[in-house]
Amino acid sequence: MSNNRIRTEHGGITLEANDATFPLSAATFTHAALPGRTIVRLIPEQLLEAERLALAVSEIEFEGSTPVGHVQRRGTGFPAWPILTDPKNAQHALNLVADLERATRRAKSKPGAAKTEILALADKLEDSAPHFLPTFLEEAARAYIKGGNDAYAAQMFTRAREIERRYTVPIDETRHRDVFLEFAYAGAISGKELAAEANSLSERLEPPEAFETFRNLCIECVRGGLPPYSGMKKDLAKLAKAAGLKPAEEEARFIPELLRISSIEGAGARFWKNYYPAIRKAATESADVRDLLLTLTPSNADPDEWIDLLQKTGALESVKQGACPEFVPHILNLAVQCDSG
């Protein structure tokens, strides 16, 4: 992963633009209660108008903006999305902006109490404009992420998706992708929700697009630090079959991408067991994958099975021929683990 990717994923600003970033502006605002003082907020350019309208509710006036770089893409949130997509009914969202801000200020210190307040507000919005609820709940989830409470953030994110399904809320696929990646990078998506998304994609998109979209989402979740969830292999296989693809071949194509992500070494034992055939197939067919295996130290893989894999794919043979000399101490440690096990 490039340094640029790391900076933007963790909320930093970069001067380089790519398909994973948004242009960012420093917007200035004033308020009558703060004479002679200027409020500066960093806002993605495409959200400037929505932010201006949202802050105007609190009589905060927009003065101007200056481009300052680019930040990681994120799903358009609340109340920006209601303002941009349904301005006639956006007042229902704007009426709750101040209340939501007050509730989320307690997300770190009193997460349970904040949740009670947030859900009470959500009930009000569900009565008037349920199609705004997903972005409302996502905004609450962001407050929990900021407060370091990923579990509560995941709960809010899941509620947002449940509302989408309950009310058949029209989904903008670009925004949907952005918000999933945003929360994946934050580690705030549950395996249960990923399984539900696989099913939802199969209903929303044509089979080939559904498979490729979910495949990429799984990769990005792991890249964001989430361990592969237990049902990932089954869900991907189901989508692959629906797209007229052979699951075993797709797994062999998929697995090298996962193995190149450093966090994959912490994947659970079930992942290594489930994907043993795919790893073996990919490594047997590719010297690059065999070399890659020699750099890994999977903490939850069975040592006997891992050594067997290295043997059967020819990875150990390349070590005998002088490749990857730093692997020799590692194989000795694995052998000790096997003996002790």
Chi angles and distances behind the side-chain contact (heavy atoms from CB on, under 4.5 Å) call for Asp172, His176: CA-CA 6 Å; Asp172 180 287; His176 198 73; over 6 Å; no

Given the rule in the side-chain contact (heavy atoms from CB on, under 4.5 Å) test, do Glu51 and Arg41 qualify, once you have shown the distances and angles that lead to the verdict?
CA-CA 10 Å; Glu51 192 76 3; Arg41 294 185 62 151; 2.9 Å; yes

query: Taking it one step at a time, do Leu96 and Phe132 satisfy side-chain contact (heavy atoms from CB on, under 4.5 Å)?
result: CA-CA 11 Å; Leu96 295 180; Phe132 293 162; over 6 Å; no

Begin from the C-alpha positions of Thr284 and Lys281 and carry the test side-chain contact (heavy atoms from CB on, under 4.5 Å) through to its verdict.
CA-CA 5 Å; Thr284 300; Lys281 177 177 172 60; 5.9 Å; no

Name the atoms and distances for all side-chain donor-acceptor pairs under 3.5 Å in residues 148-160, with sequence neighbours left out.
residue: Asn149; atom: OD1; partner: Tyr152; partner atom: N; Å: 3.1
residue: Gln155; atom: OE1; partner: Lys115; partner atom: NZ; Å: 2.7
residue: Thr158; atom: OG1; partner: Ala154; partner atom: O; Å: 3.0

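A donor-acceptor contact shorter than 3.5 Å links the side chain of Asn216 to the backbone of Glu212. For Ser202 (side chain) and Asn199 (main-chain N/O), a donor-acceptor pair under 3.5 Å exists by modelled atom type. Side chain of Tyr144 to main chain of Ala107: no donor-acceptor pair is present (N/O by atom type, distance under 3.5 Å, no hydrogens or angles). Side-chain atoms of Asp308 do not come within 3.5 Å of backbone N or O of Asp304 as any donor-acceptor pair. No side-chain donor-acceptor contact under 3.5 Å links Arg280 to the backbone of Leu309. With Ser286 contributing its side chain and Ala283 its backbone, the two residues share no donor-acceptor pair below 3.5 Å. Side-chain atoms of Thr116 come within 3.5 Å of backbone atoms of Gly112 as a donor-acceptor pair (strictly under, hydrogens ignored). Ser25 places no side-chain N or O within 3.5 Å of a backbone atom of Ala27 that could act as its donor or acceptor partner.
Taking Pro227 as the reference, nothing meets the side chain to side chain contact (heavy atoms under 4.5 Å, CB included) condition, with sequence neighbours excluded. Under the side-chain hydrogen bond (donor to acceptor under 3.5 Å, both in side chains) criterion, Arg204 pairs with Glu173, Glu197, Ser200, sequence neighbours left out. Every residue meeting the side chain to side chain contact (heavy atoms under 4.5 Å, CB included) condition with Gln311, not counting sequence neighbours, appears here in chain and number order: Leu316.
Linking ILVMFWY residues whenever their side-chain heavy atoms come closer than 4.5 Å, directly or via other members, leaves Val40 and Ile43 in distinct clusters. In this structure, Ile145 is not a member of the same hydrophobic cluster as Trp81, with clusters built from ILVMFWY side-chain heavy atoms closer than 4.5 Å. Leu94 and Leu125 fall within a single hydrophobic cluster, where Ile, Leu, Val, Met, Phe, Trp and Tyr side chains are chained together by heavy-atom contacts under 4.5 Å. Under the 4.5 Å side-chain heavy-atom criterion for Ile, Leu, Val, Met, Phe, Trp and Tyr, Leu245 and Ile219 are members of the same hydrophobic cluster. Under the 4.5 Å side-chain heavy-atom criterion for grouping Ile, Leu, Val, Met, Phe, Trp and Tyr, Leu119 is connected to Val97 within one hydrophobic cluster.
Considering Glu61, Glu63, Glu59 in turn, Glu63 is the only one that fulfils the side-chain hydrogen bond (donor to acceptor under 3.5 Å, both in side chains) rule with Thr30. In summary, of the residues considered (Ile261, Leu226, Leu181), a side-chain contact (heavy atoms from CB on, under 4.5 Å) with Glu220 occurs for Leu181 alone.
The pair Arg253-Glu249 does not meet the salt-bridge criterion, since no charged nitrogen lies less than 4.0 angstrom from a carboxylate oxygen. A salt bridge between Arg215 and Glu209 is absent, with no side-chain N of the basic residue lying under 4.0 Å from a carboxylate O of the acidic one.
Within the 4.5 Å cutoff, side-chain heavy atoms of Leu236 are placed close to those of Met232. Here the side chains of Arg52 and Leu48 are not in contact, with every heavy-atom distance at 4.5 Å or above. With contacts defined as side-chain heavy-atom distances shorter than 4.5 Å, the pair Asp123/Glu126 qualifies. You'll find the side chain of Leu205 stays beyond 4.5 Å of the side chain of Phe211, heavy atoms only. For the pair Tyr229/Asp235, a side-chain contact is recorded, criterion being any heavy-atom separation below 4.5 Å from C-beta on. At least one side-chain heavy atom of Val222 sits less than 4.5 Å from a side-chain heavy atom of Ser263. Ile255 is listed as a side-chain neighbour of Leu259, based on a closest heavy-atom distance under 4.5 Å. Contact check for Phe62 versus Thr28: no side-chain heavy atoms found under the 4.5 Å cut-off.
Shortest non-hydrogen contact noted between Ala282 and Ala252 is CB-O, 3.6 Å. Looking at every heavy atom in both residues, Ala143 comes nearest to Thr104 through CB-CB, 3.4 Å. Closest non-hydrogen pair, Leu201 versus Ala210, comes out as O-CB, 3.5 Å. Here the closest heavy-atom approach between residue Arg290 and residue Gly314 is recorded as CD-C, 3.9 Å. For the residue pair Pro247 and Lys241, the shortest heavy atom distance occurs at CG-CG, 3.6 Å. Closest approach of Pro130 and Ile163 over heavy atoms only: O-CG2, 3.7 Å.
Atom CG of residue Leu258 and atom CD1 of residue Ile264 lie 5.0 Å apart, to the nearest 0.5 angstrom. In this structure, the separation between CZ on Phe136 and NZ on Lys124 is 10.0 Å, given to the nearest 0.5 Å. Here the CZ atom belonging to Arg165 is positioned 8.5 Å from the CD1 atom belonging to Ile171, to the nearest 0.5 angstrom. One distance of note links CD of Glu164 with OG1 of Thr168; it measures 10.5 Å at 0.5 Å rounding. Considering CD1 of Ile189 and CZ of Phe183, their distance stands at 8.0 Å, rounded to 0.5 Å. Atom CG of residue Asp86 and atom CD of residue Gln91 lie 12.0 Å apart, to the nearest 0.5 angstrom.
Taking a 6.0 Å sphere around CD of Glu206, one finds it holds 12 or fewer heavy atoms contributed by other residues, nucleotides or ligands.
Annotation: salt bridge (charged side-chain N to carboxylate O under 4.0 Å, His left out) contacts involving residues 129-142, sequence neighbours excluded, comprise Arg74-Glu139, Glu138-Arg161, Glu138-Arg175, Glu139-Arg142, Arg142-Glu182. Within the structure, ring-ring contact (aromatic ring centres under 6.0 Å, His included) pairs that include any residue of residues 247-294 comprise Phe271-Tyr275, Trp272-Trp306 (at least two apart or interchain).
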